[in-house]
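All of these numbers come straight from a predicted model, not from anything done at the bench.
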Amino acid sequence: MKRRSAALVGNPNAGKSALFNALTGARQKIANYPGVTVERKAGRLLLPNGEPVELTDLPGSYGLNPTSPDEEVTRKVILGEFPGEAAPEVLVVVLDASNLEQHLVFAQEVIALGRPTVVALNMIDLAERDGLALDPEALETALGVPVVPTVAVRRRGLTELAQAIAEAEERKPEHSRPFVDEAERRVTAHAIAQATIVSETAKHRLHSKLDRVLLNPWLGPPILLVLLFVVFQAVFAWAQPFADALEAAVAWLAAGVQAALPPSLARDFLIDGVFNGVGSVVVFLPQIVILFFFILVMEASGYMARAAFIMDRLMAYVGLSGRSFIPLLSSFACAIPGIMATRSITDPKDRLTTILIAPLMTCSARLPVYAVIIAAFIPNKPVGPRGFEFIGLQGLVLFSLYVAGIIGAMVVALVLRRSVTKGAASGFIMELPKYQLPRLKDLAIGLMQRAWIFLRRAGTIIFTITVVLWLMLNFPRAEPGQSQVEASAAGKIADVVQVVVRPIGFNHEMALALIPAMAAREVAVSSLATTYAVDASDDENQTAVDLGSRLKAKWTLPMALAFLAWFVFAPQCLSTIAVARRETNGWKWPGFMLAYLFVLAYIAAGATYWTAVALGL
């Protein structure tokens with residue numbers, strides 16, 4: 001006699017595995033589906049009359065249009081297309097009662113197949129805890145299939161669910177209809193969810209209203225832009241007092257060393273290399289901390305996932321999957337974890353495109369470069385319409401640099417997806433976490449970790465490169481009347497580089513700064529500070545980290561703007577290139593990345609410089 005069969009289906013995080021374990025107990029086996037590394041969980045469910053049913057827990061899926069190997073297996077098993085795997089006789093759709101609208105989208109698609117179906121309204125206790133009172137009978141009427149409330153971890157509703165499975169073969173969905181399109185599924189899901197909710201607390205209503213505003217296709221993007229604008233305004237406005245205090249402390253230490261030690265190479269090394277070099281980067285710690293404070297708050301509050309949902313529409317226009325958003329978002333901190341996070345992208349060409357554009361996301365290492373140039377050349381004054389001058393010009397410029405990187409990444413993605421990585425974008429669905437207030441303890445730990453990473457980087461990579469650069473700037477020693485920088489080994493290398501970058505407005509010191517910046521972006525700041533300090537007089541050395549005044553004395557505004565444009569598009573550090581080589585299994589694509597980013601940076605810097613010159617800036 002053939003054993004009856006059933007399968008649990010539903011979105012990820014619906015509680016299918018907990019329900020499967022509760023229904024089958026120890027009567028289960030786990031293996032892989034033939035030919036794929038997707039787990040197959042099967043067990044024996046005993047019906048109330050003692051009859052056994054083979055129950056399969058299918059991988060979580062958002063729809064029958066697969067975007068991953070897991071979803072492909074689920075689709076094939078449901079439709080009876082998987083070799084050696086008969087289609088299950090009964091489909092049990094597991095819904096998360098606290099996230100009903102999202103889960104109803106896939107449920108409608110399964111019910112539309114016209115197969116014997118039962119709905120398990122799971123985790124109903126969590127929905128009640130969150131302030132939702134649901135009417136399972138209303139949901140059953142709307143869907144036309146049996147609906148059984150369950151709490152798998154407490155074994156509530158298991159007998160009723162087993163009975164519904166036993167009776168399911170005798171009835172098909174009462175008013176199933178053919179699948180139309182995803183948009184109409186979503187509209188219907190919203191209507192059914194609203195009809196199922198009997199009551200909700202003020203807190204839950206507030207969360208729903210927030211989503212209706214923040215996820216609105218017309219209101220959501222402007223709100224996100226305004227929020228990001230406020231973040232970059234705060235990076236300058238809030239950080240300035242702390243940055244000034246750090247700068248004064250470093251200058252005081254440098255002055256003390258200068259007064260205590262006689263003139264020597266050792267004193268020059270401490271002042272020019274350590275205090276002017278490393279110290280010029282450390283003073284930007286407040287900006288780094290403030291930037292990550294906002295990032296951590298957005299993540300902990302649940303807004304970051306909604307930002308991904310908003311950006312998904314934009315990314316679809318350029319041929320990227322919404323799955324690319326999280327790796328690109330990670331790249332704002334550092335491109336290395338961003339590139340590694342692309343492993344979650346199943347489409348190979350989609351993943352490759354994301355890797356290639358990740359360096360265009362403005363990582364935190366560029367912030368010191370941006371901050372020192374903006375502080376030196378952009379007036380700290382409010383701008384805006386008459387009577388509404390409340391926008392800080394420095395924060396506006398910083399915001400524009402980040403936006404330029406994002407726009408550049410989207411344009412490059414559009415070109416790549418229509419040429420070397422041509423292919424169709426895959427779909428993207430994600431669970432939206434509940435809104436919550438960030439925990440102060442978690443924020444403090446996160447900020448301390450980011451501050452420590454920055455300081456450790458300053459004390460290791462940046463310090464090492466600065467020492468090497470100082471040695472190259474001081475040897476061989478200059479003849480009397482000759483500039484030490486021009487006579488040094490580093491100066492000779494810069495002479496060669498300047499031939500290439502002179503047409504885009506870069507001077508000798510700017511050309512020199514580009515070389516060590518390949519190891520780490522922040523080193524551009526310490527490189528400039530060290531270079532200008534080497535030829536400075538003793539009196540100038542007493543203002544140890546006053547790099548801004550030195551830049552203003554030797555650079556023009558078009559040169560400064562061109563330098564900013566270069567760093568928006570220039571290749572990331574060597575560590576990023578190495579990770580890209582590992583993730584793409586060769587040097588072909590990292591080489592392509594280096595080439596196109598250098599060309600893009602050169603064109604952007606040149607266009608910026610000559611436009612600024614033409615405008616008389």
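Rounding to the nearest 0.5 Å gives a distance of 7.5 Å between CD1 of I374 and CD of Q394. Atoms CG and CZ, from L396 and F232 in turn, are 11.5 Å apart once rounded to the nearest 0.5 Å. Atom CZ of R212 is separated from atom CG of L219 by 12.5 Å, given to the nearest 0.5 angstrom. Rounding to the nearest 0.5 angstrom, the gap separating the CD1 atom in I407 from the CG atom in L360 is 12.0 Å.
The heavy-atom pair separating G606 from I504 by the smallest distance is CA-CG2, 3.5 Å. A pairwise comparison of heavy atoms in L214 and I310 identifies O-CD1, 3.2 Å as the closest pair. For the pair A243 and P286, the tightest heavy-atom approach, listed with the atom from each and the gap, is N-CG, 3.7 Å. Considering all non-hydrogen atoms of both residues, I493 and M472 come closest at CD1-CE, 3.5 Å. When every heavy atom of Q484 is checked against every heavy atom of V534, the shortest pair comes out as CG-CG1, 3.6 Å. A511 and A494 make their closest contact through CB-O, 4.0 Å (heavy atoms, listed as atom of the first residue, atom of the second, distance).
For the side chain to side chain contact (heavy atoms under 4.5 Å, CB included) test, residues two or more places apart in sequence or in another chain that qualify with I461 are R457, I465, A520. For the side chain to side chain contact (heavy atoms under 4.5 Å, CB included) test, residues two or more places apart in sequence or in another chain that qualify with L225 are F399.
In summary, the side chains of R521 and Y370 do not present any donor paired with an acceptor at a separation below 3.5 Å, with no hydrogens or angles considered. With 3.5 Å as the limit, one finds no donor-acceptor pair spanning the side chains of T342 and T354. Between the side chains of E101 and H190, at least one donor N or O lies within less than 3.5 Å of an accepting N or O.
With a 4.5 Å cut-off on side-chain heavy atoms, R306 and Y435 count as touching. No side-chain heavy atom of Y609 sits under 4.5 Å from any side-chain heavy atom of L617. Considering only heavy atoms from C-beta on, V250 stays 4.5 Å or farther from V282 through its side chain. Counting only heavy atoms from C-beta outward, the side chains of L512 and L473 approach each other to under 4.5 Å. For the pair M510/W555, a side-chain contact is recorded, criterion being any heavy-atom separation below 4.5 Å from C-beta on. Here the side chains of F236 and V397 are not in contact, with every heavy-atom distance at 4.5 Å or above. Put simply, the side chain of R267 does not reach to within 4.5 Å of the side chain of D272, judged on heavy atoms. Looking at heavy atoms from C-beta onward, F563 lies in side-chain contact with V369 at the 4.5 angstrom threshold.
Judged by distance alone, with hydrogens and angles left aside, the side-chain atoms of E509 form no donor-acceptor pair with the main-chain N or O of L528 at under 3.5 Å. The closest donor-acceptor contact from the side chain of S488 to the backbone of N474 lies at 3.5 Å or more, if one exists at all. Within the 3.5 Å criterion, the main-chain N or O of F292 finds no donor-acceptor partner in the side chain of R450. T421 contributes a side-chain N or O that, together with a main-chain N or O of L416, makes up a donor-acceptor pair within less than 3.5 Å. In this structure, the side chain of Q287 does not engage the main chain of P368 through any donor-acceptor pair within 3.5 Å. Side-chain atoms of T530 do not come within 3.5 Å of backbone N or O of S527 as any donor-acceptor pair.
Within a 6.0 Å sphere centred on CZ of F463, other residues, nucleotides and ligands contribute 12 heavy atoms or fewer. Within 6.0 Å of atom CG in L615, more than 12 heavy atoms from other residues, nucleotides or ligands are found, so the atom counts as buried in its surroundings.
Cation-pi geometry between R550 and Y532 is not satisfied (NZ or CZ under 6.0 Å from the ring centre, within 45° of the ring normal).
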Please report the C-alpha distance between F294 and W238 in whole Å, then the side-chain angles of each, then the deciding distance to 0.1 Å, and finally whether the ring-ring contact (aromatic ring centres under 6.0 Å, His included) criterion is met.
CA-CA 12 Å; F294 281 101; W238 297 3; 5.5 Å; yes
Which donor-acceptor pairs under 3.5 Å do side chains of residues 596-604 form with protein atoms, sequence neighbours excluded?
residue, atom, partner, partner atom, Å
Y596, OH, L356, O, 2.7
Y602, OH, V500, O, 2.7

